[in-house]
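Have a look at the structure below, then the notes.
We use all heavy atoms of the structure for the numbers below, so side chains are in, but hydrogens, waters and symmetry mates are not.
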Amino acid sequence: MRTVARRTLPGLSAILAFVLLVWPAGAWEHTKAIELVVPAGTGGGADQMARIIAPLVEKYKLSPKPLVVVNKAGGAGAEGFTYVKAKEGDTHTLVITLSNLFTTPLHTGVPFNWKDLTPVGRLASTSSSSG
C-alpha cells in the first residue's frame, strides 16, 4: 500500500498544481487540444507522469479540451526541446521534463537553453529515498 500511495500522491499533487498554475480562472481560453510534450521515448519517468496527468485532467473535467501526450525522443531530449522551442508563443504546448532540461544543452550543443522556456511550475519531484 505504501508503494501505491507513493506513486499516486505525486500524480494527484501534479494534477492539482497543473490546474492551479496553468488554468487560472478567466486567464486563457482553450481553442484546441493541449500538447504535453515528453522529450523522451515511452516508458520513462517523464512519460509515466504525463500519462498519469492526461487522463486525470479529462476524468475530472479540469480542461474543456484534452491533454494529448506527444513523445519526441532523440538526442537525450534535444529533439523534444527543439520542437517545443519552435512552438514559441503557442499557448497550447507544454513540456514535461527532468534534469535533461539542463544537461542536454550543456553536452550536445543543441541550440536550446532552459531559459528559452517559461516555467509553469514544479509538478512532481523524484526521490531515491525509501522512507
Side-chain angles (χ1 to χ4, degrees):
M1 181 66 180
R2 198 173 207 186
T3 302
V4 172
R6 197 174 304 158
R7 289 182 182 164
T8 305
L9 186 58
L12 295 177
S13 298
I15 291 166
L16 178 60
F18 188 76
V19 170
L20 294 176
L21 295 170
V22 176
W23 285 300
W28 173 63
E29 291 290 324
H30 302 287
T31 59
K32 60 184 181 178
I34 313 311
E35 230 182 346
L36 183 55
V37 178
V38 178
T42 57
D47 181 61
Q48 289 180 28
M49 184 59 68
R51 292 180 190 283
I52 289 171
I53 293 170
L56 292 174
V57 166
E58 185 173 342
K59 178 180 179 178
Y60 292 104
K61 311 230 183 298
L62 302 175
S63 170
K65 302 288 183 183
L67 196 65
V68 179
V69 177
V70 178
N71 292 81
K72 296 285 184 184
E79 291 293 325
F81 296 134
T82 302
Y83 175 80
V84 171
K85 182 179 178 182
K87 295 203 151 227
E88 183 176 355
D90 182 347
T91 57
H92 291 83
T93 304
L94 298 170
V95 64
I96 188 166
T97 186
L98 306 171
S99 60
N100 64 337
L101 174 65
F102 306 103
T103 58
T104 296
L106 293 172
H107 295 289
T108 64
V110 67
F112 172 82
N113 187 297
W114 65 270
K115 295 176 186 175
D116 293 333
L117 299 178
T118 302
V120 173
R122 182 176 177 184
L123 299 180
S125 177
T126 57
S127 174
S128 60
S129 66
S130 59

Can you tell me how far [atom2] of [Y] sits from [atom1] of [X], rounded to the nearest 0.5 angstrom?
X	Y	atom1	atom2	answer
K72	E35	NZ	CD	7.0 Å
N113	K85	CG	NZ	8.5 Å
M49	L98	CE	CG	9.0 Å
I53	Q48	CD1	CD	12.0 Å

Over all heavy atoms of both residues, which pair between [X] and [Y] is shortest? Give the atoms and the distance, please.
X	Y	value
G41	A73	N-CB, 3.5 Å
A50	V69	O-CG2, 3.6 Å
D90	H92	OD1-N, 2.8 Å

Could you work out the complete set of other residues in the hydrophobic cluster of F112, with links drawn between I, L, V, M, F, W and Y side chains under 4.5 Å apart?
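Members other than F112 - counting any ILVMFWY side chain reachable under 4.5 Å - are V37, F81, Y83, V84, V95, L101, F102, V110, W114, L117.
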May I ask you to test the R51-N71 pair for a side-chain heavy-atom distance under 4.5 Å?
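In contact.
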Heavy atoms, side chains only, cut-off 4.5 Å: are L36 and V68 in contact?
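Of all side-chain heavy-atom pairs linking V68 with L36, none is under 4.5 Å.
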Please answer: with hydrophobic residues joined when any side-chain heavy atoms are less than 4.5 Å apart, are I96 and V70 in the same cluster?
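No, I96 and V70 fall in different hydrophobic clusters.
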Please say yes or no: joined through hydrophobic side-chain contacts below 4.5 Å, possibly via intermediate residues, are I34 and V57 part of one cluster?
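They do share one cluster, since a chain of ILVMFWY contacts under 4.5 Å joins I34 to V57.
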Any side-chain donor-acceptor pair under 3.5 Å between T103 and N100?
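No - no donor-acceptor pair under 3.5 Å links their side chains.
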